[in-house]
Amino acid sequence: MSKTRSHGVFGKGVQPGCGKRQREGHGGLALHYNFRVSETLPTRYDFASAEARWYTFWEKRGFFRPRPGKGRFVIMMPPPNITGILHMGHVLNNTIQDVLVRWHRMKGEETLWQPGIDHAGIATMNKVEQEIAKEGKTRFDVGRDEFIKRTWAWKEKYGGTIIEQLRRLGCSADWENLVFTMDPGYTRAVLTAFVELFNSGLIYRGKRLINWCPRCKTALSDDEVEREDKASHLWYIRYPFAEGEGFLTVATTRPETYLGDTAVAVNPKDARFSGLIGKRLRLPLVDWERRDTEGRAVSPEVPIIAHSAVDPDFGTGAVKVTPAHDPADYEIARDENLPLVQVIDQSGIMTENAGPFAGLTREEARERVVAELEKAGFLEKVEGYTVPLGTCYRCGTAIEPLLSEQWFVRMKELAGPATEAVRSGRVKIIPEYGQKIFFNWMDNIRDWCISRQIWWGHRVPIYYCDGCGEIFASVDKPEKCPKCNSVNIRQDEDVLDTWASSWLWPFGTLGWPDRAERLLRYYPGDVLVTGWEILFLWVARMMMAGARFMGEMPFHTVYLHGIVRDERGRKMEKSLGNSPDPLDLFREYSVDGVRMGILFITPEGRDVLFSLKSCEIGRNFANKLWNAARLVLSNAGGEFRGLPQELRLEDKWILSRLDAAILRTNELLEAYELNGALKTLYDFLWAEFCDWYLEAIKPRLQSGDRGGIDVALFVLDVYLRLLHPFMPFITEELWQALPNRNGESVMIAPWPEPLGKVDAGAEKEFDALREMVSGVREIRGTFRVPKGAKLRLFFRNSPEAMGLALENRTILEFLAGIEGVSESAEPPAGSALIPSKSFEAYVTLSGIIDTNKEKTRLEKEIAELSIQVERMRARLSDPDFLQKAPPHLVQEQKIRFSEMEAKLERLREQAKRL
RNA sequence: GGGCGGAUAGCUCAGCCCGGUGAGAGCGCCUGCCUUACAAGCAGGAGGCCGACGGUUCAAUUCCGUCUCCGCCCACCA
């Protein structure tokens with residue numbers, strides 16, 4: 001009988017090296033053993049089928065719904081944008097949440113993972129605008145009502161994509177209670193919050209210089225502006241004195257705005273200019289009329305003023321002041337009562353104030369202005385310079401500071417309780433240093449511009465009465481003015497910043513402002529899992545909203561993970577083409593493989609360098625697990641007979657190791673060290689269960705003793721439960737095949753508690769046995785011992801180790817190819833020494849051991865060891881050490897020293913003998 | 001300018017909080033294996049003055065300070 005070898009359990013396509021092999025004809029350490037392989041599990045794991053099957057099963061059984069239990073665990077899913085398409089960042093973020101949620105659910109807690117979708121004002125508007133653009137129109141051509149209608153239609157058509165994708169990822173969220181931020185209930189929450197803040201005086205309207213995106217045609221908050229350094233220039237422009245000869249040179253990065261200058265400022269302490277303050281300069285070229293924002297004419301002659309904000313060391317020490325287009329200049333203008341001349345409009349086009357440059361874009365104007373200035377001799381020089389350019393976080397367009405009327409939230413008052421919660425430890429940030437970053441921002445918080453000049457979103461619930469001029473806020477659309485009863489009222493045109501709705505997420509999703517049952521039951525939640533990039537945009541504000549509206553922080557732990565980068569450390573971006581489609585990865589490596597892979601390589605709190613390699617780690621691990629289970633199940637005969645009465649050494653060892661893995665996994669999960677927990681599980685399965693335990697029980701299987709299989713089944717049951725949160729699908733598929741499973745799904749099976757089976761003695765003995773096996777294997781390798789050749793093992797002055805070897809000789813025989821264990825008063829001739837601290841053992845095989853090679857091997861070992869021994873000898877003869885180090889440590893060192901010395905002695909003796 | 005993180009094997013990272021003297025993993029590399037659970041695998045191996053300099057200590061990869069390099073966040077240097 002021959003079998004086609006498959007390459008791993010996932011093998012779907014053609015694999016290299018895939019050919020038929022005869023069973024006979026190859027040697028090996030264990031060639032006379034045969035193991036029954038039944039078809040209990042298919043050779044290949046059909047993950048695609050398992051993923052679909054089990055997800056449906058879980059959902060049909062309602063496992064994603066919270067079920068009453070002991071304790072409660074609530075996570076609010078950061079709502080993806082309706083425009084969102086699953087990317088690796090989502091995969092990481094949601095896998096972490098799913099691990100936590102599945103873990104707590106298994107612990108028997110009432111677990112809610114609240115999912116939702118964000119209407120994503122600007123991002124969604126951009127999508128719909130792109131559609132409209134295909135018809136050659138803008139949103140202004142279409143009109144507000146029609147635009148909103150089309151946006152809803154777009155949402156119906158594409159808005160659910162990412163939810164389906166998150167389900168593919170295996171997310172066990174409470175999908176039946178999915179919340180959209182523009183649902184009527186949630187909308188009411190948003191408006192209620194606004195009205196409350198307005199009535200409390202925490203929301204105000206003001207005319208300010210704000211960040212304006214000329215492409216999106218809306219204001220942005222400071223936090224929505226991204227800064228990037230851009231190579232540009234510093235232009236030195238000469239401003240002639242209005243009277244007399246000469247000029248003053250100013251340096252600027254934005255020459256096109258000089259048309260809106262209303263002053264030139266110098267530092268009052270700057271002696272170079274002390275005599276010039278109060279004098280007037282004439283703006284080059286400007287011979288047309290400019291008007292300020294109040295409509296008053298502004299002279300092209302501007303004063304030289306003194307202001308402390310000016311850095312004398314920058315440029316020429318004199319700075320042009322363009323209050324309408326620069327935040328710093330705006331401050332100066334406010335202090336000095338300067339007029340504001342706007343030269344760029346809301347679309348980024350030069351205004352009438354720009355005279356002949358009117359109608360040009362900002363970029364065109366820059367070129368033309370520079371050219372004209374140069375031609376007229378006003379351009380002194382140009383230097384290369386890197387400018388920090390503000391760009392729109394949604395479309396990347398350069399931000400234009402513009403003067404406009406907007407709604408703001410006073411943040412200082414709101415920030416207090418949130419800062420205090422972190423300071424007092426009521427809210428913990430993971431990693432811990434996140435606190436410092438949090439404080440740094442909170443302590444310098446500035447007011448939040450929450451109005452947006454777009455149409456998709458929650459309309460500002462402010463009404464203006466045309467009758468009496470009253471301005472008031474109302475959740476419901478009012479019929480008339482509450483003050484004068486006039487029906488001539490109109491609503492504010494702006495909508496709210498998307499973050500001004502999502503900051504209510506932890507309670508808005510639960511029915512607030514009503515005292516809904518869900519709200520009382522699930523607020524506050526427990527953990528918030530998100531990336532650093534929205535710590536301020538979202539997390540901090542949720543904390544403020546929680547304090548303000550609920551009187552309590554919305555979670556006790558903030559878990560921050562890094563962003564997913566490519567293997568070269570670059571951000572994943574569409575334009576770079578370095579962002580793999582997770583769905584492709586799922587098809588190639590399985591969902592579990594991708595989940596496991598990314599968690600495996602994610603350092604706590606720092607950015608992840610993602611590559612296909614990590615998916616391979618996950619896939620290979622799943623393969624390993626599948627095959628281990630296959631070996632066990634195929635020998636179980638469909639039954640589990642309970643743990644054997646008499647446990648053998650390897651049984652005690654693996655149970656002890658399993659117990660250690662349980663303890664460690666629990667410990668690490670409690671500390672939110674998912675990566676560490678997963679590594680613990682990885683190592684246990686691969687390096688202990690597969691490499692040693694399953695190998696060690698093979699001889700027993702041969703002799704018809706199924707004790708090892710029952711232990712293995714026991715281990716697998718516990719292990720699959722431990723691993724389930726990380727790799728939900730394969731663990732379910734395998735757990736369902738266990739004869740000893742207890743329950744209908746691993747997903748709701750009890751989370752493993754420590755077994756009380758830690759057995760230090762068994763571990764020590766098995767370690768010694770492993771040392772013998774590895775020692776023999778090393779000798780086999782060094783001396784090129786043929787595969788089938790049997791070696792003899794001799795012990796000298798090591799009764800304990802010899803007893804151990806005799807008791808476990810079948811294991812030694814199988815794993816190390818040892819035939820015969822005996823005692824020897826003297827080292828046998830032609831033998832090789834197994835270097836060990838705890839025993840003295842030799843391996844013999846006539847004619848095989850090459851004396852020279854053995855000598856080299858021993859000498860190398862001696863050289864390394866003697867350095868250590870000498871170092872330790874010095875330490876142990878240091879009176880300071882003996883006196884000051886803790887006694888138990890000194891004792892420990894002494895024991896270790898004598899062991900190492902004994903080992904060294906043995907090595908030296910043997911080397912001398914040769 | 002202010003705040004923060006990182007520097008450990010060729011690469012990506014554990015370990016460091018709480019110092020204990022033999023520094024681990026995965027991938028890559030070398031050697032030998034298709035040993036019927038798994039070649040996406042097995043066995044063995046090479047490879048590291050733990051960024052630099054000081055300090056504390058009986059003892060420092062680990063704690064403290066300074067510096068260098070890389071990265072991130074915040075901030076009105078035009």
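Chain identifiers are assigned alphabetically (A, B, ...) following the order of the sequence lines, protein sequences preceding nucleic acid strands; residue numbering begins at 1 within each chain.
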Taking donor-acceptor contacts at under 3.5 Å, does the side chain of [X] reach the base of [N]?
{"X": "A:Lys624", "N": "B:rC38", "result": "yes"}
{"X": "A:Arg777", "N": "B:rA43", "result": "no"}
{"X": "A:Glu695", "N": "B:rA37", "result": "yes"}

What's the closest nucleotide to the [X] side chain, out of [options]?
{"X": "A:Pro327", "options": "B:rC76, B:rU21, B:rC4", "answer": "B:rC76"}
{"X": "A:Asp326", "options": "B:rA78, B:rC58, B:rU21", "answer": "B:rA78"}
{"X": "A:Asn440", "options": "B:rG3, B:rG45, B:rA14", "answer": "B:rG3"}
{"X": "A:Asn627", "options": "B:rG41, B:rA37, B:rA43", "answer": "B:rA37"}
{"X": "A:Phe314", "options": "B:rC77, B:rG5, B:rG45", "answer": "B:rC77"}
{"X": "A:Lys679", "options": "B:rA78, B:rC4, B:rC13", "answer": "B:rC13"}
{"X": "A:Thr253", "options": "B:rC74, B:rA78, B:rC72", "answer": "B:rA78"}
{"X": "A:Pro603", "options": "B:rC13, B:rC76, B:rA78", "answer": "B:rC13"}
{"X": "A:Arg606", "options": "B:rA43, B:rA14, B:rA78", "answer": "B:rA14"}
{"X": "A:Asp878", "options": "B:rC58, B:rU21, B:rC13", "answer": "B:rC58"}

Inset, instruction - Heavy atoms only: give me the nearest A:Ile601-A:Ser614 pair and the separation to one decimal. - result: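 Of all heavy-atom pairs spanning A:Ile601 and A:Ser614, the closest is CD1-CB, 3.6 Å.
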Touch check for [X], heavy atoms < 4.0 angstrom, all strands: base, sugar-phosphate only, or nothing?
{"X": "A:Phe536", "value": "sugar-phosphate"}
{"X": "A:Gln868", "value": "sugar-phosphate"}
{"X": "A:Arg254", "value": "nothing"}
{"X": "A:Glu331", "value": "nothing"}
{"X": "A:Thr322", "value": "nothing"}
{"X": "A:Arg227", "value": "nothing"}
{"X": "A:Asp329", "value": "nothing"}
{"X": "A:Lys860", "value": "sugar-phosphate"}

Inset, instruction - Round to the nearest Å and state the distance from A:Glu870 atom CD to B:rG22 atom P. - result: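 Interatomic distance, CD of A:Glu870 to P of B:rG22: 14 Å.
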Legend entry - Interatomic distance where CD1 belongs to A:Ile598 and C1' belongs to B:rU12 [whole Å]: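 After rounding, the gap between these two atoms is 14 Å.
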Legend entry - Carboxylate-amine/guanidinium contact A:Lys903 A:Glu901, below 4.0 Å: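 No.
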Legend entry - Ion pair A:Glu854/A:Arg857, N-O distance below 4.0 Å: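 A:Arg857 and A:Glu854: salt-bridged.
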Inset, instruction - Give the C-alpha distance, both sets of side-chain angles, the deciding distance and a yes or no for salt bridge (charged side-chain N to carboxylate O under 4.0 Å, His left out) between A:Arg873 and A:Glu870. - result: CA-CA 5 Å; A:Arg873 192 194 308 281; A:Glu870 285 321 306; 3.1 Å; yes
Can you tell me, in whole Å, how much space there is between the [atom1] of [N] and that of [M]?
{"N": "B:rA78", "M": "B:rG5", "atom1": "P", "answer": "27 Å"}
{"N": "B:rC11", "M": "B:rC53", "atom1": "C1'", "answer": "28 Å"}
{"N": "B:rG3", "M": "B:rC49", "atom1": "P", "answer": "34 Å"}
{"N": "B:rU62", "M": "B:rG15", "atom1": "P", "answer": "15 Å"}
{"N": "B:rU21", "M": "B:rU57", "atom1": "C1'", "answer": "13 Å"}
{"N": "B:rG41", "M": "B:rA37", "atom1": "P", "answer": "16 Å"}
{"N": "B:rA46", "M": "B:rU8", "atom1": "P", "answer": "22 Å"}
{"N": "B:rG10", "M": "B:rG47", "atom1": "C1'", "answer": "9 Å"}

Inset, instruction - Would you tell me whether A:Thr322 and A:Asp261 have side-chain atoms, one donor and one acceptor, within less than 3.5 Å of each other? - result: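 Indeed, the side chains of A:Thr322 and A:Asp261 share at least one donor-acceptor pair under 3.5 Å.
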Inset, instruction - Would you please say whether a donor-acceptor pair under 3.5 Å links the side chains of A:His307 and A:Asn267? - result: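 Side chains of A:His307 and A:Asn267: no pair found under 3.5 Å.
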Legend entry - Nucleotide opposite B:rU57 in a Watson-Crick or G-U pair, distances under 3.5 Å: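 Partner of B:rU57: none.
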Strictly below 4.0 Å: does [X] bring a side-chain N or O up to OP1 or OP2 of [N]?
{"X": "A:Tyr433", "N": "B:rC17", "answer": "no"}
{"X": "A:Trp686", "N": "B:rA40", "answer": "no"}
{"X": "A:Lys613", "N": "B:rC11", "answer": "no"}

Inset, instruction - With RNA chain B as reference, determine whether A:Ile437 or A:Arg446 sits nearer its 5' end, using the nearest nucleotide of each. - result: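 By nearest-heavy-atom nucleotide position, the 5'-most residue is A:Ile437.
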Legend entry - RNA chain B: 5'-proximal contact among A:Glu673 and A:Asp311 (nearest heavy atom):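 Whichever sits nearer the 5' end wins; that is A:Glu673.
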Collect all protein-nucleotide pairs involving nucleotides 59-69 of chain B in which both atoms are nitrogen or oxygen and the distance is under 3.5 Å.
none

Legend entry - A:Trp532 six-ring centre to A:Arg565 NZ/CZ under 6.0 Å and within 45° of normal: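 No, A:Arg565 does not lie over the aromatic ring of A:Trp532.
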Inset, instruction - Determine, step by step, whether A:Glu813 and A:Lys790 satisfy the salt bridge (charged side-chain N to carboxylate O under 4.0 Å, His left out) criterion, reporting the C-alpha distance in whole Å, the side-chain angles of both residues, the deciding distance to 0.1 Å, and the verdict. - result: CA-CA 8 Å; A:Glu813 194 175 322; A:Lys790 297 292 172 190; 5.6 Å; no
Inset, instruction - Any chance you could lay out the salt bridge (charged side-chain N to carboxylate O under 4.0 Å, His left out) test for A:Asp878 and A:Arg875, step after step, and finish with the verdict? - result: CA-CA 5 Å; A:Asp878 178 354; A:Arg875 190 79 53 202; 5.4 Å; no
Inset, instruction - Just say parallel, tilted or perpendicular for the rings of A:Tyr385 and A:Phe314, cut-offs at 30° and 60°. - result: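 The arrangement is perpendicular - the two ring planes meet at more than 60°.
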